[in-house]
Amino acid sequence: MAHLGTENAFSVITKAKKFEKESGINLVYLQIGEPGFDAPENVKAATIKAVQDNQTHYTPTPGIPALREAVAQYHSKYSSTPYEAEDVVIVSGGKPVMFYMINALIDPNDEVIVPNPCYPIYESVTEYLGGKVVPIQLKEENGFNFTAEELETKITDKTKLIIINSPQNPTGGVIPKELMGQIAEIAKKHDLWVLSDEIYDQMVHDGEHVSITNFDGMPERTVILNGASKTYAMTGYRLGWGVTKNKQMAAYLEQLACNDTSCVNTMAQYAALEAVTSPDTKPAVQYMLSEYKKRRDLMVDLVNEIPGMTCHSPKGAFYLMANVRQILDKLGITAAELCDRIMREAHVLILPGTVFGQYGDDFVRFSYVSTEENIRKGLDKIKTFIESVY
Ligand code: PLP
């Protein structure tokens, strides 16, 4: 257990709730990592109907055939080879795909190249399973990407897996097509696996989503991680999927899922089927996406008005990393200490970049899922606070 990490974003909420209880002050939450909307109405109706239709029993471990087929079609749009239902394993959220894939692949001392800063669970699971995390820095000046040359320098004869996440949490970075192609070439050249976390695939605000499976030879060495949580605002349904053209890997994912959960909650699968296939879902998704884009533009403007804080416009997901190095140096504090002061003195909750890895130390992460009113309120409070100390 000593090797297993956690998602500190959750412990920050516990600290914030304690602060609110003790102080009687309500915080403005600008750290939230989930959609600021409820699940679409047709999805909720499908969930209720599934219960009424007595879809209350076990399903096959890898999921109901119609949902596997729908997910296969969904990912075929982005892939060089069409996917089929048997390539899809439905699991309880995006997270289990990390756990199962890394579990299936990694032996002690195998190396896993992990972007940094990044979603912390890749690292946690790799270390728990005895693997070695090799961090690769996502540089602000490259749109929070690494370069192909930097990736090559990280590869050794122990490297087994590269993890990529585009659009990315926490930076909002998107891997451009050219770099994606170069990563694919490197993976093939060195015979490596790729875990491609595409959970924010619909949230590309500038340009288009490119999957690494778009490149020949990649669907066989890639597991796509995706799910209903972000696109359809269904985080509480706990429904995700792993997709791979490698039959052995698909079988391993299924075997691990069978040992772990038997199958995913049946009504959630029917709800996800509605979400993925029904034309009624589209307007809700489009509304959410257009709102995120508006809120992103607002937040970029407001962050750049704060002395000592700068950010570029993030291309995807719903996160924004602001560079606060000047403030940290001037006050002689860390990003974690700055966020703590912003919580206690400005009454706004945001996350230090270090929650996402060592290379997050110049940054704080905002999310722009909150309402326009909350974004204005929170950033106004932070601005007043920074102006008073900077
Ligand atoms: N991958 C990334 C990059 C995420 O940010 C998250 C959740 O925040 C997940 C995966 C997990 O998704 P889920 O809630 O479906 O398990």
Side-chain angles (χ1 to χ4, degrees), residues 7-10 12-13 16-17 20 26-41 43-44 93-95 117-120 144 165-174 197-206 209 226-240 275 281 283-303 311-322 339 342-343 346-353 355-356 360 363-382:
E7 200 174 339
N8 281 325
F10 283 109
V12 168
I13 297 178
K17 293 285 173 207
E20 284 186 322
N26 289 329
L27 297 170
V28 180
Y29 287 83
L30 293 184
Q31 94 301 346
I32 302 166
E34 67 168 324
F37 300 94
D38 299 319
E41 288 305 322
V43 170
K44 289 195 263 184
K95 252 181 187 173
C118 73
Y119 190 61
F144 289 108
N165 172 212
S166 177
Q168 214 244 359
N169 177 10
T171 63
V174 168
D197 185 339
E198 304 185 19
I199 198 107
Y200 298 100
D201 63 348
Q202 297 305 307
M203 296 172 196
V204 181
H205 309 306
D206 305 313
H209 174 64
N226 205 337
S229 295
K230 312 288 175 171
T231 303
Y232 307 109
M234 290 171 64
T235 46
Y237 279 82
R238 308 310 305 132
L239 191 133
T281 321
V285 171
Q286 258 151 16
Y287 173 71
M288 292 189 262
L289 296 181
S290 68
E291 277 298 309
Y292 293 142
K293 191 169 179 180
K294 266 198 275 176
R295 295 175 195 189
R296 174 199 67 170
D297 293 343
L298 173 68
M299 193 176 254
V300 168
D301 288 347
L302 296 176
V303 163
C311 72
H312 299 289
S313 184
K315 288 192 162 50
F318 39 57
Y319 305 109
L320 179 154
M321 287 284 267
C339 290
I342 287 175
M343 180 184 83
H347 308 144
V348 183
L349 199 61
I350 55 174
L351 294 177
V355 160
F356 304 96
F363 301 95
V364 292
R365 191 199 77 172
F366 291 87
S367 85
Y368 49 85
V369 295
S370 200
T371 59
E372 187 179 323
E373 187 194 350
N374 248 358
I375 291 172
R376 285 190 189 281
K377 190 162 136 196
L379 283 158
D380 191 52
K381 282 168 174 281
I382 295 177

Using modelled atom types and a 3.5 Å cut-off, is there a donor and acceptor pairing between side-chain atoms of [X] and backbone atoms of [Y]?
| X | Y | result |
| --- | --- | --- |
| Gln168 | Thr171 | yes |
| Thr231 | Ala228 | no |
| Asn165 | Pro167 | yes |
| Arg295 | Ser370 | yes |
| Gln31 | Ala9 | no |
| His347 | Ile342 | no |

Roughly how far, to the nearest 0.5 Å, is [atom2] of [Y] from [atom1] of [X]?
| X | Y | atom1 | atom2 | value |
| --- | --- | --- | --- | --- |
| Asp38 | Lys44 | CG | NZ | 5.0 Å |
| Ile32 | Asn374 | CD1 | CG | 8.0 Å |
| Ile13 | Leu27 | CD1 | CG | 11.0 Å |
| Leu30 | Leu351 | CG | CG | 10.5 Å |
| Leu379 | Leu298 | CG | CG | 7.5 Å |
| Lys230 | Tyr292 | NZ | OH | 9.5 Å |

Can you name the nearest heavy-atom pair linking [X] to [Y], along with the distance?
| X | Y | answer |
| --- | --- | --- |
| Ser313 | Asp297 | OG-OD1, 4.5 Å |
| His209 | Asp201 | CB-O, 3.4 Å |
| Ser229 | Pro35 | O-CG, 3.6 Å |
| Cys339 | Pro352 | SG-N, 3.3 Å |
| Gly378 | Val348 | O-CG2, 3.5 Å |
| Phe37 | Ala233 | O-CB, 3.6 Å |

Contact check, side chains of [X] and [Y], non-hydrogen atoms, under 4.5 Å:
| X | Y | value |
| --- | --- | --- |
| Val28 | Lys381 | yes |
| Asp206 | Lys293 | yes |
| Tyr29 | Ser367 | no |
| Cys311 | Phe366 | no |
| Asn169 | Arg365 | yes |
| Pro117 | Val355 | no |

(request) Please check if any side-chain donor atom of Tyr232 sits under 3.5 Å from a side-chain acceptor atom of Tyr237, or the reverse. (result) no
(request) State, without any angle test, whether Thr235 and Glu34 hold a side-chain donor-acceptor pair at a distance under 3.5 Å. (result) yes
(request) Indicate yes or no: does Glu291 engage Lys294 in a salt bridge with an N to O separation below 4.0 Å. (result) yes
(message) With side chain to side chain contact (heavy atoms under 4.5 Å, CB included) as the criterion, how do Met234 and Leu239 come out once you've worked through the C-alpha distance, each side chain's angles and the decisive distance to 0.1 Å?
(response) CA-CA 8 Å; Met234 290 171 64; Leu239 191 133; 5.6 Å; no
(message) For Arg376 and Glu373: C-alpha separation, side-chain torsions, deciding distance, then whether salt bridge (charged side-chain N to carboxylate O under 4.0 Å, His left out) applies.
(response) CA-CA 5 Å; Arg376 285 190 189 281; Glu373 187 194 350; over 6 Å; no
(request) For a ring pair (Phe, Tyr, Trp, His ring centres under 6.0 Å) with Phe363, tell me which candidate from Phe144, Tyr319, Phe356 qualifies. (result) Phe144
(message) Going by salt bridge (Lys or Arg N to Asp or Glu O under 4.0 Å), name the residues that satisfy it together with Lys95, two or more places apart in sequence or in a different chain.
(response) Glu7
(request) Please test Ile199 against Tyr119 for side chain to side chain contact (heavy atoms under 4.5 Å, CB included), starting from the C-alpha separation and ending with a verdict. (result) CA-CA 12 Å; Ile199 198 107; Tyr119 190 61; over 6 Å; no
